[in-house]
**Student:** 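Got a structure here, written out as structure tokens. Questions coming.
Below, chains carry the letters A, B, ... as their sequence lines are ordered, and counting in each starts from 1.
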Amino acid sequence: MGDFGGPDLISDLPLSIVESILIQLPIRDAVRTSILSSKWRYKWNSITRLVIDEKCVPSCNDRTVVEKSLVKFINQLLFLHQGPIHKFQITNSYLQSCPEIDQWVLFLSRNDIKELVLELGEGEWFRIPSCLFNCKKLTRLELFRCELDPPLTFKGFMCLKSLILHQVLISPDAIESLISCCPLLESLSLSYFDSLALTIRAPNLRYLYLEGEFRDLCLEDTPLLVDISVAMYMTDDIAEHFEQSSNCNFFKFLGGVPNLERLVGHIYFTKYLSIGNDPGQLPLTYSNLETIELYQVSFEDMKEILVVLRLITSSPNLKELQISQGSSNIPTATDAPDLDFWRKECPSDCTLKKLKLVKLTDMCGVPHEMEFIKYLLGSSPVLETMSIMPCMYVMESQLKMLIELVKFRRASAQAEIIFVRD
Amino acid sequence: MSEAAMAVVKPEMKSYIWVQTVDGSIQQVEEEVAMFCPMICREILQTGMGSSKNYAISLPQRVNPAIFGLILDYCRFHQVPGRSNKERKTFDEKFIRMDTKKLCELTSAADSLQLKPLVDLTSRALARIIEGKTPEEIRETFHLPDDLTEEEKLEPLRNITDDPRIRLLNRLYARKRKELKERQKLKNVEVEEERVDERSVDDLLSFINGVDGDTKGARTNKNKKKNRRRKDNSRDPSSINANENLNKGLSALPPVCHNGAVDNVLGASTSNHSRNLTAVNFSPKLEFVDGDVDDDLDPAMKEELDREVEDFARRLNSDWPERMQEILSLGQERRLIPISMNGNGSTVAIVIGVEVIVIRSL
């Protein structure tokens, strides 16, 4: 036994390189380097990133066997490991809630953990042990399907920059204070929250992703936000709550984000913004806002249309606009809509100076839609492309739509209209 | 040629800096390219070196002239602003297509010049090379010495999996080496064969029982007696035959199978010896074949043994499902019914016994 002709190529590389190689290997391969040679015996032990993914133990049909060997693997892994662990990630659907998790988190909390990701399988949710809140150096925390209950003594994660809670059970008070207790928080993602009335206070927040049944959403002290994406679901409960609400949701949510660059709203988001008193002309300008995407906008609800108009007329640098029509019932042509609305609400002097790309989907050709398209075409001098995808249920009105479309004046000579039929 | 003359000779208005590699050769490099290496950049800014031939910047030891050329290629491409990510990626992919030795040198050199993006690129490439390879292949690729004993190699595995199979294999290795040593001694001193065998058996037994703890201690004596009897039996030509059949049958078994299943197949394929084999305690069976092997061991066979054990270890190191497939397909080749698997500590032990027999009987 011995070398295969030639000096050892890799063993004597500086430790930093060896570590850099090891952390780019799947954890299984990294651990296995310990049987290469005596020099490699303990090299992997000090790697600072441990990622337990789906491939780290061989899968087989029996889930409990896999789970057992996973638990054993992680136990031994941590036991053999030496020194700080900066990143620890479990993304494995075989692993379910188990008592060992508490020990792992405790161990990590004593080893300088900075990034922690726990995504177990879809079984029983696990409860995050309170020692997690002692991880003072955390910069990134991602938790999936678990229960979170910050202790009373918790003072906040002073270094946390990214927080992702996906299907996490936490009391409304606790989530609000958790967010506001992380002064450096830059990115926040919350999903699958039920009936939560949430006020976010995060002075350094730049990216915000929300998904769930929110009763109320309020952004306070979030001046640096550049990217917002919200998917709002509605239950009867919440709908009722909406009806009773009187103050202006638009202002509550978008009143304090002057630096916004991108806004994406799904499902009931536009509806949510439309509730409450009409703000009239907005007192603020979104001078950085370049992309607006609003899905399932109801063009039968004047208040929703107004939200869209308020947004685009207050965004002088808007480049890209995507709107999808989301009225569930096919409109009846006999409606006599108040088309005066457009004369009143569209300031003729306001042009969309930078708008280049418009994408409209699920359009069914109701009068307000057509008026909206007319407005966009007539006020966008640099428009390059407008693509319109009609709603699949209204075959017969497509021709009518086209005839009307052809008639509209276009402010941009370059504007290309693409009518997509599939 | 003076510096001034050099400056005149260069047609472009680019500024150049002087660097010296470890072999003593001095060369000029475009400043903007060289500045891409943080180590050189710092040297220029902090010490003012590199401005003339006499004040050339000495590059770190790990940067030899050939590798420095490569690094300059890398810097020359990436220091140009405005390249798209796709362009950079394509360049990088082509750039790292080189033999492993060069790649290692390049990683090391990039590290010593603090050129982090190149270190990341090359170490990622090295990780790609290692990923999914067997330890043997990795050793061969990087010329690593194979200087760990088999037990040492298994230690981390045992730690990770705490698998009874591994424990048993461990013992097998220990025993094998001991045997080989004994035989070596035997050859050298020409001791009487029979006696050495006896000792070997006892040693092995005590080793196995000792390692395993108290649970099997009580059975030791009984086993020993059995073993002696067995060994006598095995000298009988007819029973050797039976063993051989048995071995053929067993070697086709999957490593993990249900107790009952083992019984069935054995019953179907061979003599009544097989029933004994299903007993949980595996050690008598090991001894059972030992006799055959010990009697006539030649170097070629020793080699074969080594190869077999290594092969076994390799398969152990690889994924169990793969291994299962391997053995199942082996079974099919020999027209034996594949057997449904069922993880069970005790049956595993038998199977290890089976493996051992297979190895011994070759």
**Student:** How far apart are the closest heavy atoms of B/Gly132 and A/Asp29, and which atoms are they?
**Tutor:**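 Smallest interatomic distance, heavy atoms only, reads N-OD2, 3.1 Å.
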
**Student:** Tell me if a side-chain donor or acceptor on B/His143 pairs with a main-chain N or O of A/Leu9 at a distance below 3.5 Å.
**Tutor:**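 Not confirmed, B/His143 side chain does not pair with A/Leu9 backbone.
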
**Student:** Using 0.5 Å steps for rounding, measure from the OG1 atom of B/Thr107 to the CD1 atom of A/Ile10.
**Tutor:**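 If we round to the nearest 0.5 Å, B/Thr107:OG1 and A/Ile10:CD1 are 7.5 Å apart.
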
**Student:** For the atom pair CG (A/Leu25) and CZ (B/Arg124), what is the distance rounded to the nearest 0.5 Å?
**Tutor:**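 Between atom CG of A/Leu25 and atom CZ of B/Arg124 there are 12.5 Å.
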
**Student:** Considering only heavy atoms from C-beta outward, does the side chain of B/Arg139 approach that of A/Ser37 to under 4.5 Å?
**Tutor:**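 No - every pair of side-chain heavy atoms lies 4.5 Å or more apart.
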
**Student:** Hey, what do you get for CD (B/Glu131) to CZ (A/Arg28), rounding to the nearest 0.5 Å?
**Tutor:**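 Answer for the CD-CZ pair, B/Glu131 versus A/Arg28, is 12.0 Å.
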
**Student:** Is it the backbone or the side chain of A/Leu13 that comes under 4.5 Å from a heavy atom of chain B, or both, or neither?
**Tutor:**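 Just its side chain gets close to chain B.
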
**Student:** Does a sphere of radius 6.0 Å around CD in A/Glu54 hold more than 12 heavy atoms from other residues, nucleotides or ligands, not counting ones at 6.0 Å or beyond?
**Tutor:**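 Check passes, neighbour count above 12.
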
**Student:** Using the test side-chain hydrogen bond (donor to acceptor under 3.5 Å, both in side chains), find all partners of B/Arg62 that sit at least two apart in sequence or belong to another chain.
**Tutor:**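 By the side-chain hydrogen bond (donor to acceptor under 3.5 Å, both in side chains) rule, B/Arg62 matches B/Ser108, B/Asp111.
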
**Student:** Can you measure from OG (A/Ser20) to NZ (B/Lys116) and round to the nearest 0.5 angstrom?
**Tutor:**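 Going from OG on A/Ser20 over to NZ on B/Lys116, the span is 6.5 Å.
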
**Student:** With a 4.5 Å cut-off on heavy-atom pairs, point out which of A/Thr33, A/Ile23, A/Leu36 contacts chain B the most.
**Tutor:**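 Top option by heavy-atom pairs under 4.5 Å: A/Leu36.
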
**Student:** Step through the shown structure and confirm whether more than 12 heavy atoms of other residues, nucleotides or ligands are within 6.0 Å of NZ on A/Lys87.
**Tutor:**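 Atom NZ in A/Lys87 is packed in, count exceeds 12.
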
**Student:** Would you check if the side chain of B/Asp147 reaches a backbone N or O of A/Ser38 as a donor-acceptor pair within less than 3.5 Å?
**Tutor:**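 Yes: the side chain of B/Asp147 pairs with the backbone of A/Ser38.
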
**Student:** Can you name the closest pair of heavy atoms from A/Ser11 and B/Leu144 and give their distance?
**Tutor:**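 The pair with the smallest heavy-atom distance is OG-CD2, 3.1 Å.
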
**Student:** Does B/Glu137 have more than 12 heavy atoms from other residues, nucleotides or ligands lying within 6.0 Å of its CD?
**Tutor:**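 It does: B/Glu137 CD has more than 12 such atoms within range.
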
**Student:** Counting heavy-atom pairs closer than 4.5 Å to chain B, which one of A/Ile21, A/Val65, A/Ile74, A/Val57 comes out on top?
**Tutor:**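 When all of A/Ile21, A/Val65, A/Ile74, A/Val57 are compared, A/Ile21 has the most.
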
**Student:** Under 6.0 Å from the CG atom of B/Asp99, do we count more than 12 heavy atoms belonging to anything else shown?
**Tutor:**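 Yes, the 6.0 Å shell around CG holds more than 12 heavy atoms from other groups.
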
**Student:** State whether the number of non-hydrogen atoms from other residues, nucleotides or ligands found under 6.0 Å of B/Lys133 atom NZ is greater than 12.
**Tutor:**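 For B/Lys133, atom NZ is crowded (more than 12 foreign heavy atoms under 6.0 Å).
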
**Student:** Verify the neighbour count for atom NZ of A/Lys43: are there more than 12 heavy atoms of other residues, nucleotides or ligands below 6.0 Å?
**Tutor:**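 Counting neighbours around NZ of A/Lys43, more than 12 heavy atoms of other residues, nucleotides or ligands fall under 6.0 Å, so yes.
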
**Student:** Count the heavy atoms belonging to other residues, nucleotides or ligands that lie under 6.0 Å from CG of B/Asp23, then report whether that count exceeds 12.
**Tutor:**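 Yes.
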
**Student:** Working to the nearest 0.5 angstrom, can you tell me the gap between B/Arg128 CZ and A/Gln24 CD?
**Tutor:**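 Taking CZ in B/Arg128 and CD in A/Gln24, the distance rounds to 7.0 Å.
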
**Student:** Verify the neighbour count for atom CD1 of A/Ile418: are there more than 12 heavy atoms of other residues, nucleotides or ligands below 6.0 Å?
**Tutor:**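 More than 12 heavy atoms, drawn from other residues, nucleotides or ligands, come within 6.0 Å of this atom.
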
